Undergrad: 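Take a look at this one; I'll ask things after.
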Amino acid sequence: MSPDPKTHLAELLAAALASVAPGVTADIRLERPRDPSHGDFASNLAMQLARALKDNPRKIAERLVRELPPSPRVQKAEVAGAGFINFRLASSAKTDVVKAALAQGDAFGRGRPSGRKIQVEFVSANPTGPLHVGHGRGAAYGASLASLLAFAGDQVCREYYVNDAGRQMDILGVSTWLRYLELFDERVPFPPNAYQGDYVRDMAAQIRDAHGDRYVHPAAAVLAGAPGAPARRADGAYTPEEKEQLEQHLDGLIAAAKDLLGEEWAYIHQHALTEQLADGREDLEGYGVHFDCWFSERSLYDTGMVARAVAELEKRGHLYVQNGAKWFRSTGFGDEKDRVVQRDNGLYTYFASDIAYHMNKFERGFDRVIDIWGADHHGYIARVKGALKALDLDADRMDVALVQFVSLFRDGAKVSMSTRAGSYVTLRELRDEVGNDACRFFYLLRKQDQALDFDLTLAKSESNDNPVYYVQYAHARICSVIGQWGGDEAELAGADLAPLASAHELGLCNRIQCFAEVIGQAAADFAPHALAFYLRELASEFHGWYNAERLLVDDEAVKRARLALAVAVRQVLRNGLRILGVSAPEAM
RNA sequence: CCGCCCGUAGCUCAACCGGAUAGAGCACCGGCCUUCUAAGCCGGGGGUUAGGGGUUCGAGUCCCUUCGGGCGGGCCA
């Protein structure tokens, strides 16, 4: 006999089907009806068969019910509605799960090892400044998805892709250097498209404190190497032509910095990178988000991986030269236009290193690779998958989960955010104001591919209304009751559960029974939010029971049964919250 | 102009790959603390699932269309 009631019912239905319609196959699915009057499980099998058997669904359902093998675990099976078969389980079949939860503890709900190796790559923010609230959402989603998959049975590797090559890092380097020069009164007008944040000044001061004037050059010499910038506009409303001029000016400053500093440019550049990376890492650790691997984009160049990836494409005849640049014929693999992989100046594009990176991921032997990207990157899916196909790799093993943007609202007004301008709310500020638990749970209460409005004022001023406290409170309440009881928890595992008979109690058993199903489904859907919703429902049912019935009653048998159920609830809350990266406090 | 995502209660969001009377939270109204934590519970009002058409036993879910929002469409990252 299968220990899982759902599987058990499916087996009974399969037997009935074989008897009613020999040779006919059907997808036997059991769902848990929302309405308790519809029983504990329902099957639409008869409706599915209506067409094949050319008969009324209700009549088919009647025949199926007649042919169901008897089972002590089934109290009742009846036909209802348009042809549903509703099952009501015997009490003991429901309460059994309490024993399982107590026996399995932290492992309760865990899936069987799948043998699959899965990589989840997330955050991967450019190390050019503090993480902001958008990264916070990606981090919360990625971390809990990774934990969810691991709990469901996969072997998971959490990876952060470090964009330590390319122009953005150069801009950060030159921004730092310009602020450094200001400290020695060598004033180059600070470009509006350089990094504005105070953290840049902090890094400049660090360099001065450590190395004095070693990196100082005259402002005039710096400016001499760059084309002029357009007149500054306080409102930032530059014309497209002026914006282009600004970019060229900035590139000129970078070139001048490299030229004047020579080999010492590497120090400035590296200092800024190391500093920002360490800051981001510390930030994420504090947020409860850990990575197994920090993968450097630059290493792809250093090891020749980028050149090799491009050569592979070339060898297969998927590249062509036009206007001096090398193009990948991605239109042959589902993309809407071809893409440049190597510019006319010989430099590889970001796309080229991305191809190399994904090729590398596949070479590392992952069965499945999940990329978590900002929604603005959705246009990249076709081209990256196209490149994998062109390389004869199985693009279906790569999944992309897009995380929609977070819009912050403060006092009802939208907070405009610009990374370059440095005018944004950082993840650290958000955590300080709202708290880690509330922050992560709030993010996880909506699907990741839905745009999220985060009302800071509400989150701060009414943080007690955050649903996370509701769930945590249930956990703390149970801890409190167990503490007052003062008995030995271990002996609850052997409690007789027959006294559990009320609708509240049997409903809770059903809810606990669902946990493993929720885990499996949420993992399959990449949907940690489903787990968050489940935990809220579980907490709700517990609170309802707690208010309706007393746990610490005089009747010893009843008390032990109820405490066993409470501990089972607590175990599920713990296991679920751990996956979501939210603490389970013993007292509140 | 083209492509992708989205439109569900006043607000923020769910809805088990097409199932039964579309559900929660916040907000609003009315009740419950001399007994295990009131960060809680119980009850109530709130909806043509943006509009229209189609597919079938059955549609918030799938197809077409209109309207309305978001994001993309760089030899930027």
Side-chain angles (χ1 to χ4, degrees), chain A residues 29-35 37-38 42 44 47-48 50-51 56-58 80-84 86 126 128 163 165-169 171 247 297 322-327 336-337 339-345 347-351 353-354 374-382 402 404-405 407 442 445-447 449-455 458 462-474 476-485 514 517-518 521-522 524-525 527 529-530 532-534 536-537 539-540 542-553 559 562-563 566 587-588:
Chain A
R29 286 176 46 200
L30 286 147
E31 41 185 62
R32 297 176 182 270
R34 274 194 286 265
D35 185 342
S37 71
H38 294 149
N44 65 349
M47 287 129 101
Q48 283 182 57
R51 186 177 301 200
N56 179 311
R58 281 194 68 102
F84 288 99
N86 292 344
N126 285 344
T128 54
N163 293 111
R167 182 164 177 263
Q168 294 305 316
M169 280 311 304
I171 296 175
E247 297 304 322
E297 177 189 7
Q322 186 178 310
N323 298 333
K326 261 185 198 165
W327 296 70
E336 49 189 26
K337 55 182 291 191
R339 311 288 173 177
V340 171
V341 292
Q342 192 171 17
R343 294 195 277 265
D344 57 2
N345 61 11
L347 294 178
Y348 291 107
T349 60
Y350 176 84
F351 179 44
S353 56
D354 242 12
D376 55 331
H377 283 64
H378 76 76
Y380 291 82
I381 300 174
L402 296 177
Q404 286 287 349
F405 285 156
S407 300
F442 190 94
L445 272 177
R446 40 273 295 150
K447 281 192 297 201
D449 62 352
Q450 294 272 12
L452 166 61
D453 289 343
F454 201 120
D455 188 331
L458 187 74
E462 301 187 346
S463 60
N464 277 357
D465 288 336
N466 194 299
V468 70
Y469 296 108
Y470 183 80
V471 177
Q472 291 179 316
Y473 187 51
R477 265 185 161 173
I478 296 170
C479 290
S480 172
V481 172
I482 297 299
Q484 287 177 51
W485 168 57
C514 287
E517 294 167 30
V518 170
Q521 191 64 48
D525 293 344
H529 80 274
F533 276 91
Y534 166 82
R536 215 171 52 170
E537 284 162 16
S540 171
F542 171 75
H543 285 310
W545 176 47
Y546 181 91
N547 276 275
E549 296 173 70
R550 192 176 166 79
L551 276 64
L552 297 175
V553 291
K559 179 167 69 181
R562 290 183 178 170
L563 288 174
M588 289 175 73

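Chain letters run A, B, ... following the sequence lines, proteins first and then strands; every chain starts at 1. Please read all numbers here as calculations on a predicted model, not as lab measurements.
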Undergrad: First locate atom CZ of A:R477, then atom CG of A:L551, and finally report the distance between them rounded to the nearest 0.5 Å.
TA: 10.5 Å

Undergrad: Tell me the interatomic distance from A:H38, atom NE2, to B:A20, atom P, rounded to whole angstroms.
TA: 9 Å

Undergrad: Taking OP1 and OP2 of B:U37, is either one under 4.0 Å from a side-chain nitrogen or oxygen of A:S480?
TA: yes

Undergrad: Drop me the distance from A:L552's CG to A:I482's CD1, to the nearest 0.5 angstrom.
TA: 8.0 Å

Undergrad: Which pair of non-hydrogen atoms, one from A:R58 and one from A:A80, has the smallest distance, and what is that distance?
TA: NH1-C, 3.8 Å

Undergrad: For A:E537 and B:A15, give me the distance from atom CD to atom P, rounded to whole Å.
TA: 11 Å

Undergrad: Can you give me the N/O atom pairs linking the protein to nucleotides 67-72 of chain B at distances under 3.5 Å, or say none if there are none?
TA:
from  : atom 1 : to     : atom 2 : distance (Å)
B:C71 : O2     : A:H378 : NE2    : 3.3

Undergrad: Within the 4.0 Å heavy-atom criterion, would you say A:N345 contacts the bases, only the backbone, or no part of the nucleic acid?
TA: nothing

Undergrad: Within the structure, does a side-chain N or O atom of A:Y473 lie under 4.0 Å from either OP1 or OP2 of B:A39?
TA: yes

Undergrad: For the pair made of CD in A:E31 and P in B:U61, what is the distance, rounded to whole Å?
TA: 17 Å

Undergrad: Distance check, rounded to the nearest 0.5 Å: A:D449 atom CG versus A:H529 atom NE2?
TA: 8.5 Å

Undergrad: Look at all strands and tell whether A:Q322 reaches a base, only sugar-phosphate, or nothing, counting heavy atoms closer than 4.0 Å.
TA: base

Undergrad: So A:F542 and A:Y546, would you call those rings parallel, tilted or perpendicular, with 30° and 60° as cut-offs?
TA: tilted

Undergrad: With A:N163, which of A:E297, A:M169, A:Q168 fulfils side-chain contact (heavy atoms from CB on, under 4.5 Å)?
TA: A:E297

Undergrad: Looking at every strand, decide which applies to A:A587 at a 4.0 Å heavy-atom threshold: base, sugar-phosphate, or nothing.
TA: base

Undergrad: Mind calculating the distance between NZ (A:K337) and P (B:C2) to the nearest angstrom?
TA: 17 Å

Undergrad: Kindly compute the distance separating CE (A:M588) from OH (A:Y469), expressed to the nearest 0.5 Å.
TA: 7.0 Å

Undergrad: Specify the separation, in whole Å, of atom OH of A:Y469 and atom C1' of B:A38.
TA: 17 Å

Undergrad: Between A:R536 and A:N547, which is nearer to the 5' end of RNA chain B once each is assigned its nearest nucleotide?
TA: A:R536

Undergrad: Between atom NE2 in A:H529 and atom C1' in B:G25, what is the gap in whole Å?
TA: 15 Å

Undergrad: Does A:D354 reach a base, just sugar-phosphate, or nothing at all? Heavy atoms under 4.0 Å.
TA: nothing

Undergrad: For A:D344, answer base if it contacts any base atom (sugar-phosphate contacts may also be present), sugar-phosphate if it contacts only those atoms, and nothing otherwise; contact means non-hydrogen atoms under 4.0 Å.
TA: base

Undergrad: Got a donor-acceptor contact below 3.5 angstrom from the A:R339 side chain to the A:K337 backbone?
TA: yes

Undergrad: Are the ring of A:F84 and the six-membered base ring of B:A20 within the stacking cut-offs of under 5.5 Å and under 30°?
TA: yes

Undergrad: Between the protein and nucleotides 55-57 of chain B, which nitrogen or oxygen pairs come in under 3.5 angstrom?
TA:
from  : atom 1 : to    : atom 2 : distance (Å)
B:U56 : O3'    : A:R51 : NH2    : 3.4

Undergrad: Think A:Y470 has a side-chain N or O under 4.0 angstrom from the OP1 or OP2 of B:C41?
TA: yes

Undergrad: Describe the nucleic acid contact of A:L445 in one word from base, sugar-phosphate, nothing, applying a heavy-atom distance below 4.0 Å.
TA: sugar-phosphate

Undergrad: Roughly how far apart are A:Y534 OH and A:Q521 CD, rounded to 0.5 Å?
TA: 14.0 Å

Undergrad: Counting the atoms with a prime plus P, OP1 and OP2 as sugar-phosphate, which does A:A42 contact under 4.0 Å by heavy atoms, base, sugar-phosphate, or nothing?
TA: base

Undergrad: Under the 3.5 angstrom rule, does the side chain of A:D354 hit a backbone N or O of A:Y350 as a donor-acceptor pair?
TA: no

Undergrad: Tell me: CZ of A:F442 to P of B:C26, nearest whole Å?
TA: 13 Å

Undergrad: When the distance from NE2 of A:H543 to P of B:A24 is rounded to whole Å, what number comes out?
TA: 16 Å

Undergrad: Under 4.0 Å: is that the gap between some side-chain N or O of A:R339 and OP1 or OP2 of B:G74?
TA: no

Undergrad: Any side-chain donor-acceptor pair under 3.5 Å between A:D35 and A:S37?
TA: yes

Undergrad: So which nucleotide does B:C26 pair with, by the Watson-Crick or G-U wobble rule with both distances under 3.5 Å?
TA: B:G10

Undergrad: Just to confirm, is there a sub-4.0 Å distance from OP1 or OP2 of B:A15 to any side-chain nitrogen or oxygen of A:K447?
TA: yes

Undergrad: Where each residue is assigned the nucleotide of RNA chain B containing its nearest heavy atom, which of A:Q342 and A:M588 is assigned the position nearer the 5′ end?
TA: A:M588

Undergrad: With respect to the side chain of A:Q521, which nucleotide from B:C16, B:C13, B:A20 is positioned closest?
TA: B:C16

